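The structure under discussion appears below in the form of structure tokens.
Every value quoted in this text rests on a predicted model; they were computed, and no experiment measured them.
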Amino acid sequence: MALGLAVLMGGTMLSGAAAPAWAQEMTDVGTPRAETLIVDMLNARVGNPTNMNMYQQGVTTNHGYHQMAGALLYDIDTAKGSQIPDLAAEMPIANEDFTVFTVPLRQGLTWSDGEAFTADDVIFTDQMLRNTPALGYSAAYTAQIASMTKVDDHTVEITTTKPTPRLSIVLGSVIYGNPFHVVPQHVWEGQDPATFPNFPPVSISAYKYKDHDPNGTWFLWEKREDWQNSDVGQIVGEPKPQYVLFRSYGTEERRVLAMASNEIDILTDISPESLDILRNQNDKVRGWFTDFPYANLDDPCERGMHFNTSKAPYDDARTRWALALAINAEQASIATFSGMMRASPLAMPPTTVLMDTYHQPMAQWLSEFALEDGYKPFDPDYAVRLGERLRSEGVENIPEDPEALRELLGVGWWKHDPEQATKLLLDVGFTNDGGVWKKPDGTPFTINILAPADFEVQSQRLAFAVANEWTQFGIPAQVQQMQAGAFFTAENTGDYEVGSYWGMSCGIVPDPFVRMEGWHKDYVRENGTPASSNQGRYVDDELSALIDTLRTIPADDPQIVPLGTDILKELVEGLPAIEMFGTSKFVPVNETYWTNYPSADNYYEGPWWWWSNFKFIAAKLEPVAAQ
């Protein structure tokens, strides 16, 4: 029996040392192990493995198509903090008022079936989105893009509905990816894009579909013979892995067993405890840092509790604030990731750059901020207390200086104040009968939190930690874990009240346009109708007016940071989501078969294995056997 199957059956036990690379010649899917990069699937098992239509609701392509086979007009180099042209040959060329753009396309690219990539594919995709309102992205797309016309085989002209200084962001990736996916006209023409499964997919990047498990636990991608006709081939060069195998081993325990036994090279999220086990069992496993905090703390999305603000009682900011003050954030941090997280009271992740730009400069305002009744909810000493607790528990390398602690663990968070939380709920019309909270309509107040199942472990654990806090406060809370398709469909269609989500709470550069723009009321849809942004159905006229201004100015305008600060203040006051912690990415790699992974001391890119730019990282990996 192949070792991979043994792991899946739970038959492999951790032993003191990992098997050497030459001890296993073939993978259990029939490829040479030394030529195969094996990557953990972000969203675990795929329920609909023969549907790779990236435009359909509930379809995920994180099992390799998104990372290795597709390509966007523009992608991101996070180490440099700038976008790069991908399918486009250069960045868009704008007229004076940012309404008409010339977009040169990369020449010499072919689809994996040999057909040339041309402007016709881009124009076809534009028309498909315009003419298919059943696609969730259609409305958002046509609200921004007025038209696309073909100039020649490798040039298109784009006209926007309003001044759009950030067209490359509207149609390209800055964080994770972008919903505008150019499709091959010769494949999609004559199909109903709302039902077409796009399987097996024709790819445009360096890898093509090879095989998959009918149960959705693995997907195999093979390097194209004509890899030089791909974006990766032109931008980076030939990738070394002949195969890239995306697979799900199921629970975190089985995923850890697989890496410890050299059955996987790259993991997505695991817990800090699991990283400890891995590092003790396999000396080829490493985290982003070699010591505390081990994880990469600069992930551009943060985690928290997100509300569907169109549903009572979460439609009242006082209810949302009461729930925030009912949480002991210090305890939630310990329960989630043993305190190895950076707190954030703002709707902007606490990365190093954004902490310097927003969190630290806004600390004084946060201290002075008061609710309508004059209560000041901010606690600037959160990091100091948590640092003391971690040191007392024997955690090494915890600074003692208060400012250094705030830099490591966050500028502060909201007070844990059950008394004030009680006051706010009573003001809204809740009643408390012998410790049992009832909503203003007299029904029991219970909370169901949607959470990921077997993926995004921080959000998963945080949901249970917060449920425990609310239950202790007297509001029974439970966690409903969901597979990726159902989890994100519920968010997009508004089929939830509270969820452990992160959709709008992202940022990577001081310009807050990416994701912050998504809070505009223009994106609000009725519950039951997919929303491309603002899935919390939050309507705030002042916030939307600020975003209207943001939309009209370029990313380097001197107004950007002051405007971003005002947007963040609005989101604190209304609190449509209880932002809690930056995402600590415990995403280890195994250097048994492959090396030259990005890391804190080899920072040519971040550890974004699940982003569209992973193909550029994978192309820089080196086989250990060749050294």
Side-chain angles (χ1 to χ4, degrees), residues 252 269-276 287-289 292-299 301-306 323-352 355 359 363 366 377-400 402-418 421 449 451-452 456-473 477 479 500-502 505 577-587:
E252 181 171 338
D269 296 277
I270 62 171
S271 65
E273 309 93 81
S274 291
L275 180 60
D276 282 343
W288 182 255
F289 290 101
F292 187 91
Y294 301 104
N296 181 294
L297 301 183
D298 281 343
D299 183 86
C301 291
E302 63 186 1
R303 290 347 193 214
M305 298 297 109
H306 288 232
L323 291 172
L325 296 171
I327 297 171
N328 182 333
E330 179 185 328
Q331 187 57 40
S333 177
I334 294 293
T336 302
F337 265 8
S338 303
M340 297 183 195
M341 298 188 295
R342 186 179 285 156
S344 174
L346 301 177
M348 183 71 81
T351 66
T352 302
M355 285 267 288
H359 296 71
L366 287 165
F378 187 63
D379 175 14
D381 292 327
Y382 161 84
V384 176
R385 289 195 312 277
L386 180 57
E388 291 174 352
R389 177 170 177 175
L390 292 174
R391 280 196 303 274
S392 71
E393 293 176 356
V395 178
E396 298 179 352
N397 300 318
I398 302 296
E400 296 189 10
E403 291 310 309
L405 280 168
R406 292 185 178 97
E407 184 176 339
L408 176 66
L409 300 173
V411 297
W413 206 71
W414 312 121
K415 297 173 182 175
H416 178 220
D417 192 338
I449 305 174
E456 294 292 353
V457 64
Q458 182 173 332
S459 289
Q460 182 185 36
R461 285 187 166 200
L462 183 60
F464 284 97
V466 171
N468 183 63
E469 293 296 311
W470 285 342
T471 299
Q472 289 189 25
F473 176 65
V479 176
S500 191
Y501 287 113
W502 55 90
S505 311
I578 303 175
E579 311 296 357
M580 298 187 68
F581 301 105
T583 303
S584 300
K585 284 296 181 183
F586 292 89
V587 286

Practice prompt. May I have the step-by-step check of side chain to side chain donor-acceptor pair (under 3.5 Å) for Ser333 and Thr336, ending in yes or no?
Written response: CA-CA 5 Å; Ser333 177; Thr336 302; over 6 Å; no

Worksheet item: Out of curiosity, Glu302 CD to Met341 CE, how far, rounded to the nearest 0.5 Å?
Response: 11.5 Å

Response to the item:
In this structure, CG of Asp298 is separated from NZ of Lys585 (nearest 0.5 Å) by 13.0 Å

Worksheet item: Would a 4.5 Å heavy-atom cut-off, applied to side chains only, mark Pro345 and Trp414 as touching?
Response: yes

Item to complete: State, to 0.1 Å, how close Val479 and Ala467 come at their nearest heavy-atom pair, and which atoms those are.
Response: CG2-CB, 3.9 Å

Fill in: Any donor-acceptor pair under 3.5 Å from Arg342 side chain to Gly582 backbone
no

Practice prompt. Decide yes or no for Pro377 and Lys415: does some side-chain heavy atom of the first lie under 4.5 Å from some side-chain heavy atom of the second?
Written response: no

Fill in: Any residue meeting side chain to side chain donor-acceptor pair (under 3.5 Å) with Asp417, in chain and number order, not counting sequence neighbours
Tyr375

Item to complete: May I ask you to test the Val384-Arg406 pair for a side-chain heavy-atom distance under 4.5 Å?
Response: yes

Discussion item. side-chain contact (heavy atoms from CB on, under 4.5 Å), that's the test. Do His359 and Leu346 meet it? Break it down for me.
Written reply: CA-CA 7 Å; His359 296 71; Leu346 301 177; 3.9 Å; yes

Item to complete: Could you walk me through whether Ile270 and Leu275 pass the side-chain contact (heavy atoms from CB on, under 4.5 Å) test, one step at a time?
Response: CA-CA 7 Å; Ile270 62 171; Leu275 180 60; 4.2 Å; yes

Discussion item. Restricting to side chain to side chain donor-acceptor pair (under 3.5 Å), what partner residues turn up for Glu407, sequence neighbours left out?
Written reply: none

Fill in: Atom of Phe473, atom of Pro418 and distance for their closest heavy-atom approach
CE1-O, 3.6 Å

Practice prompt. Start with the C-alpha gap between Ser271 and Glu252, add the side-chain angles, then the distance that decides, and say whether side chain to side chain donor-acceptor pair (under 3.5 Å) holds.
Written response: CA-CA 8 Å; Ser271 65; Glu252 181 171 338; 2.7 Å; yes

Practice prompt. Look at the side chain of Ser344 and the backbone N and O of Phe581, then say whether any donor-acceptor pair between them is shorter than 3.5 Å.
Written response: no

Discussion item. Using ring centroids (six-membered ring only for Trp), state whether Phe586 and Phe337 fall under 6.0 Å.
Written reply: yes

Discussion item. Using side-chain heavy atoms (C-beta onward) and a distance below 4.5 Å, is Ile578 in contact with Val466?
Written reply: no

Worksheet, complete the sentence: Closest non-hydrogen contact found for Tyr382 with Gly412 is CB-CA, 4.1 Å

Worksheet item: Just wondering, do Leu297 and Thr352 contact through their side chains at under 4.5 Å, heavy atoms?
Response: no

Item to complete: Kindly compute the distance separating CD1 (Ile449) from OG (Ser500), expressed to the nearest 0.5 Å.
Response: 7.5 Å

Worksheet item: Under the 3.5 angstrom rule, does the side chain of Glu469 hit a backbone N or O of Ala332 as a donor-acceptor pair?
Response: no

Worksheet entry | ring-ring contact (aromatic ring centres under 6.0 Å, His included) partners of Trp288, counting only residues at least two apart | Tyr603

Fill in: Those residues that, when tested against Asp276, pass side chain to side chain donor-acceptor pair (under 3.5 Å) (two or more places apart)
none

Fill in: Test log, rule salt bridge (charged side-chain N to carboxylate O under 4.0 Å, His left out), inputs Arg385 and Glu388
CA-CA 5 Å; Arg385 289 195 312 277; Glu388 291 174 352; over 6 Å; no

Worksheet item: So, do Met580 and Arg303 sit near enough that their side-chain heavy atoms are less than 4.5 Å apart?
Response: no

Worksheet item: To the nearest 0.5 Å, what is the distance between CG (Leu390) and CG (Asn397)?
Response: 12.0 Å

Worksheet item: Side chain of His306, backbone of Tyr501: donor and acceptor closer than 3.5 Å?
Response: yes

Worksheet entry | Polar side chain donor-acceptor pair, Gln331 to Arg389, under 3.5 angstrom | yes

Response to the item:
Hits for side chain to side chain donor-acceptor pair (under 3.5 Å) against Thr351, two or more places apart or cross-chain, chain-then-number order -> none

Worksheet item: Is the backbone N or O of Ala324 less than 3.5 Å from a side-chain atom of His416, with the two atoms forming a donor-acceptor pair by type?
Response: no

Practice prompt. Let me see the working for Glu579 and Ser505 under side chain to side chain donor-acceptor pair (under 3.5 Å), right down to the final yes or no.
Written response: CA-CA 8 Å; Glu579 311 296 357; Ser505 311; 2.6 Å; yes

Item to complete: Flag the pair Trp413 / Asp379 as yes when at least one side-chain heavy-atom distance between them is below 4.5 Å, and no otherwise.
Response: no

Worksheet item: Which residues pass the side chain to side chain contact (heavy atoms under 4.5 Å, CB included) test with Ala404, sequence neighbours left out?
Response: Pro399, Asp401

Worksheet entry | Side-chain touch Thr583/Pro349, heavy atoms, less than 4.5 angstrom | no

Response to the item:
Separation between CH2 (Trp470) and CE (Met305), nearest 0.5 Å, reads 6.0 Å

Worksheet entry | Atom of Pro272, atom of Ser338 and distance for their closest heavy-atom approach | CG-OG, 4.2 Å

Discussion item. I need the Glu330 CD to Leu386 CG distance, nearest 0.5 Å.
Written reply: 5.5 Å

Discussion item. Can you give me the closest heavy-atom contact between Ala383 and Gly410, atom names plus distance?
Written reply: CB-O, 3.4 Å

